[in-house]
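Values below: every heavy atom of this structure, side chains too, minus hydrogens, waters and symmetry copies. In what follows, chains are A, B, ... by sequence order, proteins preceding strands, each numbered from 1.
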2 protein chains.
Amino acid sequence: MKGSSGPSVPEASLRRLPQYHYYLVGLQAQGITVISCSAIGRDLRYVPVQVRKDLQFTGIIGKPKVGYSVAELLVAIESLLGWNNANEAFLVGTGNLGTAILGHERFSRFGLQVVAAFDNDPRKVGQCVHGKPVLSLECLIPLAGRMNVHMGIIATPPEAAQAIAEEMVKAGIQAIWNFAPVKLNLPEHIIVRNEDLYSSWASLSCKLARRLRVPLEENASLN
Amino acid sequence: MKGSSGPSVPEASLRRLPQYHYYLVGLQAQGITVISCSAIGRDLRYVPVQVRKDLQFTGIIGKPKVGYSVAELLVAIESLLGWNNANEAFLVGTGNLGTAILGHERFSRFGLQVVAAFDNDPRKVGQCVHGKPVLSLECLIPLAGRMNVHMGIIATPPEAAQAIAEEMVKAGIQAIWNFAPVKLNLPEHIIVRNEDLYSSWASLSCKLARRLRVPLEENASLN
DNA sequence: TAGATTGTTAATCGATTAACAATC
DNA sequence: TAGATTGTTAATCGATTAACAATC
């Protein structure tokens with residue numbers, strides 16, 4: 001039993017959907033109203049059938065020989081991703097990264113609204129960062145309940161992340177976006193997304209090291 | 001022909017290796033010198049055989065009934081990921097995100113050393129951000145050649161990303177870490193890693209929307 | 001109509017997991 | 001030795017791609 005909201009979207013498709021979204025917004029700005037899988041695939045470098053499979057999860061039905069309605073797709077993707085109604089979120093940790101996230105006003109267009117930030121540094125508490133109040137960590141639990149916040153963002157040093165996450169769970173938060181490079185140990189039902197920059201860096205760094213290590217002539221045959 | 005550096009590591013393992021690394025550093029700090037797959041798996045929530053498969057790519061051979069040498073694993077992972085010798089990198093875009101990356105001094109421990117930042121805002125050029133000089137974009141190509149820099153980080157608004165990436169390629173840069181939410185169109189041989197925060201956000205947001213949409217009783221059976 | 005494009009079923013591919021022999 | 005743990009081969013699973021019928 002998968003609930004009443006259709007089949008669950010595979011992680012891989014979920015990662016591509018925002019790319020289609022960004023692309024479709026661009027098309028709409030150019031006044032283009034219909035688009036085919038092959039055109040999307042050409043511009044975004046995916047095979048057309050993959051685009052088709054992904055778009056099927058939106059429930060939008062295309063017209064053979066014509067394509068899909070750009071406007072319909074946009075609405076459907078936003079609805080599928082939950083971007084149509086705002087998620088209010090708390091952010092903990094107002095270092096460099098936390099500050100950057102607070103300042104990224106573009107997020108608000110995609111349903112993410114950070115309503116308050118938290119820090120344990122008394123010099124920061126009481127200040128505003130990018131227009132958001134920085135509060136003491138002790139306020140997190142009482143405020144989350146009162147404001148009915150379901151989402152938490154962790155941008156603390158790794159050592160603090162687990163404790164903060166547990167606080168968030170106690171506060172009734174259901175989904176956590178974790179920017180600290182630690183695996184969080186939390187109850188099954190909490191939705192966690194780890195944004196591990198070291199993992200990404202590893203991928204890049206490994207491939208470059210490989211490239212620089214092997215003789216130049218071999219590079220062509222390397223992927 | 002896959003080059004002379006052993007079999008290429010699958011992306012999925014590559015993403016887990018930094019997690020093992022972080023975990024092993026912690027063990028070493030506690031004075032633990034050997035560790036088994038089952039212990040790693042228990043703490044990091046992976047099945048032991050997966051840990052074993054991943055660790056095999058390091059080339060380190062464990063001792064049955066004992067486990068793996070923590071020190072050996074650390075050295076091997078660092079070498080595999082190319083973290084043992086510094087990659088000098090250029091960063092373009094000194095907005096919130098670019099500033100955060102520049103300030104993340106922890107990266108330098110993992111072989112990433114940003115040597116210069118670039119921006120097209122004349123008010124920023126000539127300043128320093130987190131100790132790194134901000135230069136005019138025109139300096140990128142000549143400097144990259146002279147300093148032999150192979151890595152570029154893009155932290156610009158999406159509209160600028162493609163043009164910057166092309167500049168980087170002209171400058172001889174071989175690997176690009178792209179934080180702008182656009183698919184870059186570049187020659188095959190350029191190594192690109194997209195750090196698309198919207199993709200991550202989509203995954204989280206979709207799952208939370210689903211959770212909040214379905215009746216509470218069904219949540220238990222939802223994953 | 002003819003041809004391009006969608007929708008769908010089947011085949012392929014790669015990654016994860018299971019099973020089990022080898023070893024300290 | 002007995003038992004835990006590694007290393008490896010085979011089975012499973014899911015995602016991608018190929019093939020083809022349906023449709024405007």
Side-chain angles (χ1 to χ4, degrees), chain A residues 2 6-17 19-20 23-24 27 32-73 76-77 80 183 199 202-203 206-207 223, chain B residues 2 6-17 19-20 23-24 27 32-73 76-77 80 183 199 202-203 206-207 223:
Chain A
K2 278 294 178 74
S8 77
V9 186
E11 195 63 28
S13 300
L14 223 38
R15 275 204 312 275
R16 285 186 295 266
L17 281 164
Q19 295 175 31
Y20 302 139
Y23 175 76
L24 292 166
L27 291 183
I32 295 168
T33 57
V34 278
I35 188 80
S36 75
C37 285
S38 2
I40 300 179
R42 172 176 30 78
D43 292 339
L44 261 41
R45 302 236 188 143
Y46 295 122
V47 289
V49 68
Q50 177 151 82
V51 178
R52 205 142 58 230
K53 266 272 160 71
D54 290 337
L55 295 186
Q56 250 162 12
F57 292 106
T58 64
I60 296 301
I61 296 173
K63 283 206 190 70
K65 189 165 154 108
V66 182
Y68 299 85
S69 150
V70 172
E72 272 181 30
L73 278 181
I77 292 176
L80 182 66
K183 193 104 182 184
S199 286
S203 158
C206 177
K207 282 173 195 151
N223 64 344
Chain B
K2 278 295 179 71
S8 77
V9 186
E11 195 63 29
S13 300
L14 222 39
R15 275 204 312 274
R16 285 186 294 266
L17 281 164
Q19 296 174 30
Y20 302 139
Y23 175 76
L24 292 165
L27 291 184
I32 297 168
T33 57
V34 277
I35 188 79
S36 74
C37 285
S38 2
I40 300 179
R42 173 176 31 76
D43 292 339
L44 260 41
R45 301 235 188 146
Y46 295 122
V47 290
V49 68
Q50 177 150 82
V51 178
R52 205 142 59 229
K53 267 270 159 74
D54 290 337
L55 295 186
Q56 250 162 12
F57 292 106
T58 64
I60 296 302
I61 297 174
K63 285 208 189 68
K65 188 162 151 103
V66 181
Y68 299 84
S69 151
V70 172
E72 272 180 29
L73 278 181
I77 291 176
L80 182 65
K183 194 103 183 184
S199 285
S203 158
C206 177
K207 282 174 195 150
N223 64 343

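- Computed from coordinates, the B/Arg15 CZ to C/dA15 P distance equals 10 Å when rounded to whole Å.
- In this structure, B/Arg52 places its CZ atom 12 Å from P of C/dA18, rounding to the nearest Å.
- Phosphate proximity of D/dA18 to A/Gln50: absent, as no side-chain N or O sits under 4.0 Å from OP1 or OP2.
- More than 12 heavy atoms of other residues, nucleotides or ligands lie within 6.0 Å of CD1 in A/Ile32, so this atom counts as buried by the packing criterion.
- Closest to the side chain of B/Tyr68, out of D/dA15, D/dT6, C/dG7, is D/dT6.
- Of the N and O atoms on the side chains of B/Tyr46 and A/Lys183, at least one donor lies less than 3.5 Å from an acceptor on the other residue.
- Regarding contacts with the backbone of C/dA15, every side-chain N or O of B/Tyr46 stays at 4.0 angstrom or more from both OP1 and OP2.
- Here D/dT16 presents its P atom at 7 Å from CG of A/Asp54, a figure rounded to the nearest Å.
- At whole-Å resolution of the value, CD in B/Gln56 and C1' in C/dA15 are 14 Å apart.
- Salt-bridge formation is detected for the pair B/Lys207/A/Glu11: a Lys NZ or Arg NE/NH1/NH2 atom is positioned less than 4.0 Å from an Asp or Glu carboxylate oxygen.
- Comparing A/Arg16 and A/Lys65 along DNA chain D, the residue whose closest nucleotide (by nearest heavy atom) sits nearer the 5' end is A/Arg16.
- Summarising the base pairing, D/dC13 is matched to C/dG14 through a Watson-Crick or G-U wobble pair whose two defining distances lie under 3.5 Å.
- To the nearest angstrom, P of C/dT16 lies 13 Å from CD of A/Glu11.
- Annotation: the span from B/Ile77 atom CD1 to B/Arg16 atom CZ amounts to 12.0 Å, rounded to 0.5 Å.
- Which of C/dC24, D/dA15, D/dA10 sits closest to the side chain of B/Lys53 comes down to D/dA10.
- Across all strands shown, C/dA22 pairs with D/dT5; the Watson-Crick or G-U wobble distances both stay below 3.5 Å.
- Across the protein-nucleic acid pair, A/Lys63 atom NZ and D/dC24 atom P stand 9 Å apart, rounded to whole Å.
- When heavy atoms are screened at a 4.0 angstrom cut-off, B/Val49 is found touching base atoms of the nucleic acid.
- The distance between atom CD1 of B/Ile35 and atom P of D/dT5, rounded to the nearest whole Å, is 10 Å.
- With C/dA15, D/dT23, D/dT17 as the candidates, the nucleotide lying closest to the side chain of A/Val47 is D/dT17.
- For the atom pair CD1 (B/Ile60) and CG (B/Leu55), the distance works out to 9.0 Å, reported to the nearest 0.5 Å.
- Between B/Glu72 atom CD and D/dT6 atom P there is a gap of 14 Å when expressed in whole angstrom units.
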